[in-house]
Number of protein chains: 2
Amino acid sequence: MNISLRQLEYFAAVAEWLSFRDAADACFVTQPGLSAQLKDLERLLGVQLFERSQRTVLLTPAGETLLPLARNILTATDEFVDLARSLTQPLTGTLRLGVIPTVAPYLLPKTLPALRQRYPQLQVRLHEDLTHRLLEMLSHGKLDLLLVALEADLGNVSTLALTTDPFVVAVPARHRLAKRKRVTESDIAGEQVLLLDDGHCLRDQALAVCHTSGASEIGDFRASSLNTLVQMVAGGIGITLLPRLSLEVEVPQISQIVILPFRKPEPSRTIGLVWRTTSPRAHEFQLLAELLVP
Amino acid sequence: MNISLRQLEYFAAVAEWLSFRDAADACFVTQPGLSAQLKDLERLLGVQLFERSQRTVLLTPAGETLLPLARNILTATDEFVDLARSLTQPLTGTLRLGVIPTVAPYLLPKTLPALRQRYPQLQVRLHEDLTHRLLEMLSHGKLDLLLVALEADLGNVSTLALTTDPFVVAVPARHRLAKRKRVTESDIAGEQVLLLDDGHCLRDQALAVCHTSGASEIGDFRASSLNTLVQMVAGGIGITLLPRLSLEVEVPQISQIVILPFRKPEPSRTIGLVWRTTSPRAHEFQLLAELLVP
DNA sequence: TCGTATGATAAATTTTATCTATGAATATTT
DNA sequence: AAATATTCATAGATAAAATTTATCATACGA
């Protein structure tokens, strides 16, 4: 058997009171119980800690030497428990957040400062990557939470939808549709659509829209960012689909680009949070969601 | 209930192996036992330490934060036990030794250096005082061991006789007995004997010799040390009784003093060790005695 | 789809800690 | 000096805790 914290507590108590009886009272146990524990401790250590006569209890030199160490262990244990309890306050410490590239630049500039203000104790460490890599890191415990489009195949995870992000059509100023206020999906049938690189979930979602609308991808071209797509459209190369979320950042006020919303039901993606189903921080993520979509 | 060292051990083990099964093996318990303990620990802390899925075990951020503290507690505990075990080596640390004034100057100059050489780890702290004060300090735990004459009334203590210290008679060079080689107790009948102050056990022992031999104390005179007595004898004021132990130091080779041993059975005092019956160091004192009387 | 991991759970069992009652020893009080 | 009260230790009974055995549900890989 091994020594126990309880034994150290009793040791410290008797050292303090120099009385088994008083120490037992202070520890809310009976005196024989405390005596037994100390006897055991002394047996385990191979050292007598106290010198008992019926009338007096004295610390032996060994006891004197060991007492400060015992006290240290006990206070370290208290600190351990205190720290643990303080960790129960939600959204403190570190949050490793994975975000996809078609969301990060448009959502985070607004939300991160708000997050910092509401939960100043929370340290957010960002990682921007494609959905499948984020999922991998999530499952390996390298990330705590993802901010992605929920349309992708995410596997067995917990999700929480935050917001619906509709697609819009971006066409060059001189495009045949440029005068329209809105479009339906069938309006872009036959169009050459510029899309993102492989791996971007936005590519897959836009591709799905193309399929249902009868548009087709411009062969041989893959943009690595929405910004590139916008540049291409402005250059008159073709049209593209953009998430409305990105417009404020990516599309300048006056430009050679015209933005056309879809008529309802508009195609859209869903931005949401993703975490391991086994994560103990689910409730924290709920709180965080409340802040992200007020 | 409170957290236990066992729980911290299991915590550290699972954190190391990232597997409940392997950790359980490493701790020589079954997996359910370990699981139960960790569940309890998490309940007590109010914090989940591990994130379990059937396939993987991950440290939560809280677990990550708490792990180093837990490890610290465990190593501190190991050190505590190690130190305790090392204290079982006898005659290390501090020994608070009380010695009477009629022994200290004559015995210690020889024995202390020997002690220091044999037990270099032992620190001796000396206190020189009268027997009854030494006994008081002993019973109060302010001293560990006494070196006194065992003839005194010592109360309920453990004793170990070291050596017999015979009395001798010291007479002025011109005294009627000065030509004798030896004396018997009756030889000093009627003599005026110089004695120590009240409280010195040697005074009581010498007085006892006087009573049986028919000598009497010189009224109104009390010496505070053997040296004073010797000076008085040298001055021809009277005779005295000295412990043979003191001769080498107190009586110069050539002097106005003649030392006369008693014929057997010579009166004597017994020098010995005294400790509380309850002291756990009794065996150490035995060892020490072996060194004092080779 | 089956076999083989994993961790969780339930019940039984063993171990450990505690309590009650009591004893021996020793100061203190009468 | 006897009686009293207080101390810590001990023994046996009891309560509490830890552990084991047996089993389940789940997920991964062949």
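Throughout, protein chains are lettered first and strands after them, A, B, ... in sequence-line order, and every chain is numbered starting at 1.
What separates CZ of B:R43 from P of C:dT9 is a distance of 14 Å, to the nearest Å. The nearest whole Å value for the distance from the CD atom in B:Q7 to the P atom in D:dA17 is 11 Å. Rounded to whole angstrom, the span from the CG atom of A:L18 across to the C1' atom of D:dC8 amounts to 14 Å. Separating the CH2 atom of B:W17 from the C1' atom of C:dG7 is a distance of 17 Å, rounded to the nearest angstrom. Here the C1' atom of nucleotide D:dT10 and the CG atom of A:L38 are 15 Å apart, to the nearest Å. One can place CZ of A:R52 at 17 Å from C1' of D:dT6, the figure rounded to the nearest angstrom. If you measure from atom CG of B:L5 to atom P of D:dA17, you get 17 Å, rounded to the nearest angstrom. Straight-line distance from the CG atom of B:D22 to the C1' atom of C:dG7: 12 Å, rounded to whole Å.
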- Message: salt bridge (charged side-chain N to carboxylate O under 4.0 Å, His left out), that's the test. Do A:D82 and A:R85 meet it? Break it down for me.
- Response: CA-CA 5 Å; A:D82 289 347; A:R85 302 254 159 93; 5.6 Å; no

- Verdict with supporting geometry, A:L134 and A:L143, side chain to side chain contact (heavy atoms under 4.5 Å, CB included): CA-CA 8 Å; A:L134 294 180; A:L143 292 175; 3.8 Å; yes

- Decide yes or no on salt bridge (charged side-chain N to carboxylate O under 4.0 Å, His left out) for A:E151 and A:R203, but give the supporting numbers first. CA-CA 11 Å; A:E151 280 73 23; A:R203 170 192 164 78; over 6 Å; no

Could you pull out the protein-nucleic contacts involving nucleotides 19-23 of chain D (nitrogen or oxygen on both sides, under 3.5 Å)?
residue	atom	partner	partner atom	Å
D:dT19	OP1	B:R6	NH1	2.7
D:dT19	OP1	B:Y10	OH	3.0
D:dT19	OP2	B:Y10	OH	3.4
D:dT20	OP2	B:T30	N	2.5
D:dT20	OP2	B:T30	OG1	2.8

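Aromatic ring pairs are classed by plane angle as parallel below 30°, tilted from 30° to 60° and perpendicular above 60°; the pair B:F20 and B:F50 is perpendicular. Relative orientation of the A:W275 and A:F285 rings is tilted, given thresholds of 30° and 60° on the angle between their planes.
Taking side-chain N and O atoms only, B:K39 has no distance below 4.0 Å to OP1 or OP2 of C:dG7. Within the 4.0 Å cut-off from OP1 or OP2 of D:dA9, at least one side-chain nitrogen or oxygen of A:S35 is found.
Enclosure of atom CD in B:Q123 is not indicated, since only 12 or fewer non-hydrogen atoms of other residues, nucleotides or ligands lie within 6.0 angstrom.
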